[in-house]
Amino acid sequence: MSETTAFSSTVSAPNSVKASNGILIVTIDNAPVNATSADVRTGLERALSHAEAAADVTGVVITGAGKTFIGGADIKEFGKPAIEPTLPAVIEKIEALSKPVVAALNGVALGGGLELALACHHRVASAAAQVGLPEVKLGIVPGAGGTQRLPRLIGIPAALDLIASGRSAKAEEALSLGIIDEIAQSDLLETAVSAARKLAGKPLRRTGGLTVATADPAEIEKASAKILAKSRGQKAPAEVVRLVTSSTRPFAEGLADERATFLALRDSREAAALRHVFFAEREASKVEGLESVEVRPVSTIGICGLGLMGSGIAVAALGAGYTVIGLDQTPEAAEKGRERIIGLLERNLASGRLDQTGFEARKAKLSATASDADLAPCDLVIEAVFDDLAVKTELFRRLDKVVRPDAVLATNTSYLNPDDIAAATAYPGRVLGMHFFSPAHVMRLIEVVRCAKTAPDVLATGLAVARKLRKLPVVTGVTEGFIGNRIFSAYRREAEFLLEDGALPHEIDAALEDYGFPMGLFAVYDMAGLEIAWARRKRQAATRDPSIRYVEIADTLCEAGRFGQKAGRGWYAYPEGKKAIDPEVTAIIEAARAKKGITPRTFSKDEILQRLLNAMAAEGETLLAEGIAARPGDIDLVMINGYGFPAYKGGPMFASN
Ligand code: 3H9
């Protein structure tokens, strides 16, 4: 006879409760993250009914198998017909049980997982556990009591902070906030069983029955305003504010409102877009041909070129625990680079993102040199020198001579062909591209470039390092500009066609900002400076196909010294530093139209947007057809994480469907 009762295929408990002094230990085992799928809910409901009825059961402990307690509701069930019992029903049953139910948080408890724990009568966590309600990141609000129970435990301001940010809290913080009742000092299950034993037969603390502590209305107002200002057009954060701030009303009323809001948001386009992004991020890590490839061990990273980009990469690498050896052309430049890196770390120290111990540890792992030979111990070298083929190939030839033959060499080029750089080395198989975005210690995206000869384990190593840097790596094939800049070029080209056809920069920017881009295209240009792209266009001028439509407006602006914000004028004027429409730019655009005999027409915001989105999606389709991008989702991730495309629109490929 089996020693456990299976309440469903994912929920079970030992047959004999004698061993645990009358406490039924219910384990959820639903790999990979113990999501509360239909089978889990059914199993839990049966386990609770059994516990209520069985005379030998005096209490219940609920825990998860593996390293997760519960990762949340099963997102894969969203959008499909509802299956009973619902999670709120199961959770209500937990709260109402006449016998104590203790949550034993063996790992992360997120979303519906934390909501389930909140309804238990006591919460014990292992030191490694984390809790959070990340629903806003999926475009929804908690839908199983989170917005009503959490304020009852920790008050409105703290609940607002956690739910609206979607951030996780580690066990220590969860304890100090009052989300959990204790951190197990020894065995988690023993601690939970003992807590359940102590509660048996006593009046139980039911979270839904607690009163929400009164808070300073000014504090709530301030926190709410901050959330709303940050949410820029997204619905879920505003709904979180509404539901949490009104949690003082009768519990049942709050729950019903929360549920209705959750269901409406769950079925929205915004939530579908964010779910797409969630799954695209997981998919992106699955790269064909790398399934059983072993990565090369990396503990020391060399970084060539300690300018803004190289320094940012260094900060990210130090943050991930790597030893970093920076290389620059002269001892003075190397020292200046080292100081720049320390400066960035100091900023993190000052802002509280880094503590003194972390700062010292990073500093101790950093050195800078002007001598190639000092890079000998490196397992990986990333170059971030001037984007010029001659400069990069010369550097790679030198690197080839000093590092071990199995060390990986990565180029951070944006526009050059990394195959040409690899060809300059003795072992092209160890070369790949790692295209970081500036500032590299902040931006999440890295385009990992699979060159013609990149060895599978070298690609896998680049991906593993990127993940250790807590970045989002997306694999791209070799093409000018890789995935992101190819799409960006198509988008920019279309925006310039729109200028010639009749729209003005501020109209295009307004359409993009309304859609959710943090900044319009022309405002971004002005911020970044127009001269680098101009230099590239001048280099390409001789080989440009004259039959392809070319818009000269940006060149005319540069010829007039309008290089952007730094020059005080670009696509806009900047009187007293404030962006303003410039009649001079309008005149340049009108002259360009007249020169080509174009009769301008007016465009609505929707038309502008549609043309830009179509241009991006069409270029995306080309990238897929060329095999440069493996999946539409990869393209979406690049545009969201590198180019400001609003995540809640799902990216250009998702938006085009
Ligand atoms: C919610 O709870 C709503 C409620 O308020 C109301 C309900 C009524 N569902 O990230 P990983 C899959 S909304 C389905 O690589 P890690 C994931 O796709 C939910 N599948 O692992 C991947 O699959 P595959 C609120 C899920 O160890 C695999 O698990 N909860 C779910 O790095 C491994 O994922 C969240 O938003 C899910 N909920 O991190 C939490 N979660 O192997 C979302 C994951 O086929 N999840 N999968 O590619 C996470 O943050 C992380 O997955 C977690 C584990 C931290 C749990």
Side-chain angles (χ1 to χ4, degrees), residues 10 28-41 44 64-80 82-92 94 105-119 128-150 159 162-163 165-170 236 239-240 243-244 255-256 258-268 270-272 274-287 291 463-464 467-468 470-473 631 633 637 647:
T10 53
I28 300 167
D29 187 358
N30 185 26
V33 298
N34 296 336
T36 59
S37 317
D39 188 76
V40 170
R41 302 193 301 272
L44 282 174
K67 66 179 173 66
T68 310
F69 174 64
I70 299 173
D74 186 344
I75 309 168
K76 290 182 179 127
E77 281 183 4
F78 289 8
K80 295 186 184 150
I83 309 168
E84 301 284 333
T86 64
L87 187 59
V90 173
I91 286 178
E92 240 170 83
I94 290 175
L105 309 183
N106 54 303
V108 290
L110 296 177
L114 177 59
E115 291 176 294
L116 182 145
L118 293 178
Q130 289 192 29
V131 301
L133 291 170
E135 282 86 344
V136 282
K137 295 184 182 167
L138 293 168
I140 53 176
V141 296
T147 66
Q148 305 303 300
R149 286 194 180 89
L150 194 60
L162 268 178
I163 309 177
S165 67
R167 74 178 178 90
S168 294
K170 292 190 173 146
E239 292 291 29
V240 164
L243 291 163
V244 174
L255 273 192
E258 179 201 75
R259 183 73 182 159
T261 310
F262 162 77
L263 290 174
L265 287 176
R266 186 197 62 183
D267 297 336
S268 68
E270 195 171 302
L274 288 165
R275 282 199 297 278
H276 160 72
V277 174
F278 177 84
F279 288 118
E281 285 193 8
R282 269 105 201 131
E283 275 296 299
S285 62
K286 293 167 194 153
V287 180
E291 295 80 5
L463 290 168
R467 271 184 227 115
K468 197 163 167 204
R470 300 170 69 90
K471 304 281 181 197
L472 174 66
R631 290 165 284 244
L637 293 180

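Note that ligands are numbered from 1 as they come in the structure, with each ligand's atoms numbered from 1 the same way. On a predicted model such as this, the values are computed, not experimentally measured, just so you know.
Closer than 4.0 Å to atom 24 (P) of ligand 1 lies at least one heavy atom of the protein. When distances from atom 41 (N) of ligand 1 to the protein are checked, a heavy atom turns up under 4.0 Å. For atom 16 (P) of ligand 1, the nearest protein heavy atom lies 4.0 Å or farther away. There is a protein heavy atom closer than 4.0 angstrom to atom 36 (O) of ligand 1.
Residue P142 approaches ligand 1 through these ligand atoms, each under 4.0 Å from one of its heavy atoms: 5 (O). For ligand 1, the atoms closer than 4.0 angstrom to any heavy atom of L110 are 40 (C), 50 (O), 55 (C). The atoms of ligand 1 that sit less than 4.0 Å from any heavy atom of F278 are 18 (O), 41 (N), 43 (C), 44 (C), 46 (N). Every atom of ligand 1 with a heavy atom of F262 under 4.0 Å away is listed here by number and element: 6 (C), 7 (C), 8 (C). Of all atoms in ligand 1, listed by their number and element, those nearer than 4.0 Å to a heavy atom of D74 are 9 (N), 14 (C). Residue F279 approaches ligand 1 through these ligand atoms, each under 4.0 Å from one of its heavy atoms: 18 (O).
The closest protein non-hydrogen atom to atom 38 (N) of ligand 1 is A73 O, 2.8 Å. Scanning the protein for heavy atoms near atom 20 (N) of ligand 1, the closest one is K76 NZ, 4.0 Å. Looking from atom 29 (O) of ligand 1 to the surrounding protein, the closest heavy atom is P32 CG, 3.1 Å.
Residue A119 comes nearest to I91 through the heavy atom pair CB-CG2, 3.4 Å, listed as atom of the first residue, atom of the second, then distance.
Nearest-heavy-atom check against atom 6 (C) of ligand 1 across G111, G143, G71, A109 picks out G143. Of the listed options G132, S285, G112, S168, G112 places a heavy atom closest to atom 2 (O) of ligand 1. Of all the listed residues (R282, E135, R467, Q130), R282 holds the heavy atom that lies closest to atom 10 (O) of ligand 1.
The side chain of K67, and not its backbone, has at least one atom closer than 4.0 Å to an atom of ligand 1 (non-hydrogen atoms only; side chain from C-beta on). The side chain of R259, and not its backbone, has at least one atom closer than 4.0 Å to an atom of ligand 1 (non-hydrogen atoms only; side chain from C-beta on). At a 4.0 Å heavy-atom cut-off, ligand 1 does not touch T86 at all. Within the 4.0 Å heavy-atom criterion, the part of E115 lying near ligand 1 is the side chain and not the backbone. Residue P134 touches ligand 1 through its side chain alone, judged by heavy-atom distances below 4.0 Å.
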_salt bridge (Lys or Arg N to Asp or Glu O under 4.0 Å) between K80 and E77, intermediate numbers included_ = CA-CA 6 Å; K80 295 186 184 150; E77 281 183 4; over 6 Å; no
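Here the side chains of F69 and V131 are not in contact, with every heavy-atom distance at 4.5 Å or above. L133 has its side chain within reach of E115: a pair of non-hydrogen atoms, C-beta onward, lies under 4.5 Å apart. Within the 4.5 Å cutoff, the side chain of L116 has heavy atoms near those of the L44 side chain. Residues I83 and R41 meet the side-chain proximity criterion, which asks for heavy atoms closer than 4.5 Å. Side-chain contact between E135 and L265: absent, with no pair of heavy atoms (C-beta onward) separated by less than 4.5 Å. At least one side-chain heavy atom of R167 sits less than 4.5 Å from a side-chain heavy atom of L162.
Taking OG1 from T86 and CD from E92, the interatomic distance works out to 8.0 Å, rounded to the nearest 0.5 Å.
Side chains of T10 and D39: a donor-acceptor N/O pair is present below 3.5 angstrom, by distance only. Checked by atom type, the side-chain pair E258/T147 shows a donor-acceptor distance below 3.5 Å.
The closest donor-acceptor contact from the side chain of N106 to the backbone of T68 lies under 3.5 Å. When atom types are taken as modelled, the side chain of N34 and the backbone of A65 share a donor-acceptor pair closer than 3.5 angstrom.
Considering backbone and side-chain N/O atoms, I75 comes within less than 3.5 Å of an N/O atom of ligand 1.
Contact analysis puts V33 in contact with ligand 1, with a non-hydrogen atom separation below 4.0 angstrom. K286 counts as a contact of ligand 1, since one of its heavy atoms falls under 4.0 Å from the ligand.
Geometric assessment of R282 against the ring of F278 yields a positive cation-pi assignment under the 6.0 Å and 45° thresholds.
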